Amino acid sequence: MKPPSENHDLIRWLDGEMTAAERAAFDAELKADPALAREAEEMRSLSASLRTHLPAEMKVPHADFFNSQIQMRIAQMDMADARPKPASFLDSLIALFRQPWLATASVAAVAVAGFFLLVPAGGDSAHSLILSSYAPGRGVETSTYHDAAADATVLMLEGLEEVPADRKISGISVHRSETEPEVAATTLFDAAGSPLLVISRDAAGQPLFLRNNPRG
Amino acid sequence: MKFLPPVLLILLSSTISWAQEKAAPQPLPAVKPATEGKVWGALIFATNDAAQLTGAQEKAPKHLGALDERLGKVFAFKHFEILGQHQQDIFREYESWVVPSRDLFLKVDSNGPAENGGVKLHLQVWREQQVLVKSDAVLRPGSPLFIGGPKWKDGRLIFVLSLERK
């Protein structure tokens, strides 16, 4: 079995994380390098196959086995610790830190400090939260915060490539959608019930807008 | 037989009509996938120059209150124009797309209900074929998410996502 690819550009290409310019350059690279093109095709097939066959969440297989291994390892470490050793100042200090009451007191102190440091003023956690964010574009930075005055959670993206001023950005008004899992496509409808467009994914897993019904 | 009796004609007509009805293709029963709630997503153009506005006439839903004022507290612009909007179910087992515009849109995967209400989501903001940001979030009703997107003209594109109350 071949090792997983270490070509970061290939992975970014597969994940749709390249800008249009980067993608065009990489597509040219693929045309010029048959070995790279072959690897890209293999990874794309593997990615599509995994997406199709693997459920979104999986239970840990043989969890009991892992638990028992961990417990065994802890027992071995405890036995090693229990062997008599010559006492020293360092050992005495370590022994102090191993006192059960000290561990409990430490945990309680950290919990109390964490409560006062992390819980926002007023203790209101009923607003939306950003748990994590990742912007794959080069030079793009994200920042998140809750704006109390607007009562909104903000995810700010800085360093994005600007949309050209002469580019027409137009919106649509979608009132309902129908999803067809078998063909992985969603049809969007307007207020009058007329189809606006169909969104699906291409072989690389990137969004694809279709004009016609995916069932033909 | 030169003329059929009227009763026979009516009977014949009814039979033909019934046969045509039975022969017509019946629509398949629609099976609605399980959902975690419903979101409203919009693409907003923020600018200080009223002349730059596109003239779109979209309105924000009432549950968001004065959206312009709320946006104005976060983004330093005078005008906020809704270019497009999309009301979408969040499917429990399938990805959902929130597409107020083909230029900037959102893929949403549910990670299940959140403690203290709301829903846990994995979000991806796409600009055509490029993903701009991936994020794990908890979305709660009444507390919208404002995503500050790319600059356009003299302003900025903003994506708003809000969970509707059940």
Side-chain angles (χ1 to χ4, degrees), chain A residues 15-20 22-23 56-57 125-137 140 142 144 146-147 149-158 160-165 167-179 181 184 186 188 196-197 199 201-202 206-209, chain B residues 30 33 42-43 45 54 56 58 69-71 73-74 82-89 91 93-94 96-97 99-105 107 109 116-118 120 125-140 142-154 157 163:
Chain A
D15 287 345
E17 295 178 353
M18 285 183 160
T19 63
E22 287 173 334
R23 196 167 56 251
E57 290 184 9
S125 62
H127 56 74
S128 297
L129 303 166
I130 295 290
L131 304 174
S132 66
S133 60
Y134 160 63
V140 180
T142 66
T144 66
H146 179 257
D147 189 296
D151 192 13
T153 298
V154 183
L155 171 56
M156 207 65 90
L157 305 177
E158 300 295 352
L160 288 172
E161 192 180 333
E162 283 187 27
V163 178
R167 172 74 189 270
K168 188 173 185 292
I169 302 287
S170 57
I172 53 176
S173 188
V174 182
H175 283 251
R176 128 186 124 76
S177 69
E178 283 180 10
T179 294
T186 301
L188 310 178
L196 289 164
L197 56 92
I199 185 165
R201 282 169 165 271
D202 64 14
Q206 293 183 320
L208 181 70
F209 290 106
Chain B
L43 183 63
F45 173 43
T54 69
E58 303 285 337
E69 288 177 19
R70 294 173 85 168
L71 285 165
K73 286 170 181 162
V74 175
I82 300 177
L83 299 175
Q85 56 178 307
H86 183 169
Q87 203 175 25
Q88 174 65 42
D89 286 321
F91 299 121
E93 295 179 16
Y94 306 110
S96 309
W97 293 94
V99 190
S101 165
R102 290 172 64 140
D103 301 288
L104 203 70
F105 50 93
K107 179 167 115 42
D109 289 287
N116 303 324
K120 290 185 278 188
V125 180
W126 286 78
R127 175 174 165 182
E128 299 175 80
Q129 295 276 291
Q130 184 198 2
V131 65
L132 299 183
V133 68
K134 300 177 178 182
S135 177
D136 287 306
V138 174
L139 199 61
R140 295 201 164 99
S143 177
L145 181 61
F146 295 166
I147 302 173
K151 290 174 183 166
W152 182 46
K153 296 182 180 173
D154 292 328
L157 294 170
L163 182 66

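Residue numbers start from 1 in every chain, and the chains themselves are labelled A, B, ... in the order their sequence lines are given, proteins ahead of strands. Since the model is a prediction, treat every value here as computed from it, not as a measurement. Quick note: numbers below take in every heavy atom, side chains included, and nothing from hydrogens, waters or symmetry partners.
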* Between B:Val74, B:Leu104, B:Leu43, which residue shows the highest count of heavy-atom pairs closer than 4.5 Å to chain A? -> B:Val74
* **Contact origin within B:Leu145 toward chain A - heavy atom pairs under 4.5 Å** => both
* Asked: Do the side chain of A:Ser128 and the main chain of B:Arg140 share a donor and acceptor less than 3.5 angstrom apart?
  -> yes
* Asked: Which bit of B:Glu93 is near chain A, if near means a heavy-atom gap under 4.5 Å: side chain, backbone, both or neither?
  -> neither
* Structure fact -> Applying a strict 4.5 Å limit to non-hydrogen atoms, the region of B:Val99 in contact with chain A is both
* What pair of heavy atoms forms the shortest contact from B:Ser135 to A:Ile130, and how long is it? -> OG-CG2, 3.7 Å
* Asked: What part of A:Glu161 gets closer than 4.5 Å to chain B, counting heavy atoms only: side chain, backbone, both or neither?
  -> both
* To do: Please flag which part of A:Thr142 lies under 4.5 Å from any non-hydrogen atom of chain B: side chain, backbone, both or neither.
  => side chain
* Do you know which of B:Gln87, B:Gln85, B:Lys153 has the most heavy-atom pairs under 4.5 Å to chain A? -> B:Gln85
* **Validation row: A:Ser170, B:Thr54 side chains within 4.5 angstrom (heavy atoms)** => no
* To do: With rounding to the nearest 0.5 Å, note down the distance linking CG in A:Asp151 to CZ in B:Arg70.
  => 5.0 Å
* Segment of B:Phe91 engaging chain A (4.5 angstrom heavy-atom cut-off) -> side chain
* Structure fact -> Distance col, row A:Ile172:CD1 vs B:Leu83:CG, nearest 0.5 angstrom, shows 12.0 Å
* Where the side chain of A:Ser173 meets the backbone of B:Gly84, is there a donor-acceptor pair that is under 3.5 Å apart? -> no
* About how many Å separate CD of B:Gln88 and OG1 of A:Thr179, when rounded to the nearest 0.5 Å? -> 6.0 Å
* Using the test side-chain contact (heavy atoms from CB on, under 4.5 Å), find all partners of A:Val163 that sit at least two apart in sequence or belong to another chain. => A:Arg167, A:Ile169, B:Arg127, B:Pro150, B:Trp152, B:Leu157
* **Spacing of CZ belonging to B:Phe146 relative to CG belonging to A:Leu155, to within rounding of 0.5 Å** => 12.5 Å
* Structure fact -> When every non-hydrogen atom of B:Ser101 is compared with those of A:Gly171, the smallest separation belongs to CB-CA, 4.1 Å
* Please state whether the side chain, the backbone, both or neither of B:Glu58 comes within less than 4.5 Å of a heavy atom of chain A. => side chain
* Test side chain to side chain donor-acceptor pair (under 3.5 Å) applied to A:Glu17 - qualifying residues, sequence neighbours left out -> A:Tyr134, B:Lys134
* Residue pair A:Thr153 / B:Ser143, side-chain heavy-atom distance below 4.5 Å -> yes
* Asked: CD/A:Glu158 to NZ/B:Lys151 distance, rounded to the nearest 0.5 angstrom?
  -> 6.5 Å
* Asked: Which atoms of B:Lys107 come close to chain A, meaning under 4.5 Å heavy atom to heavy atom: side chain ones, backbone ones, both, or neither?
  -> side chain
* **Rounded distance (nearest 0.5 Å) linking atom CD of B:Gln130 with atom CE of A:Met18** => 10.5 Å
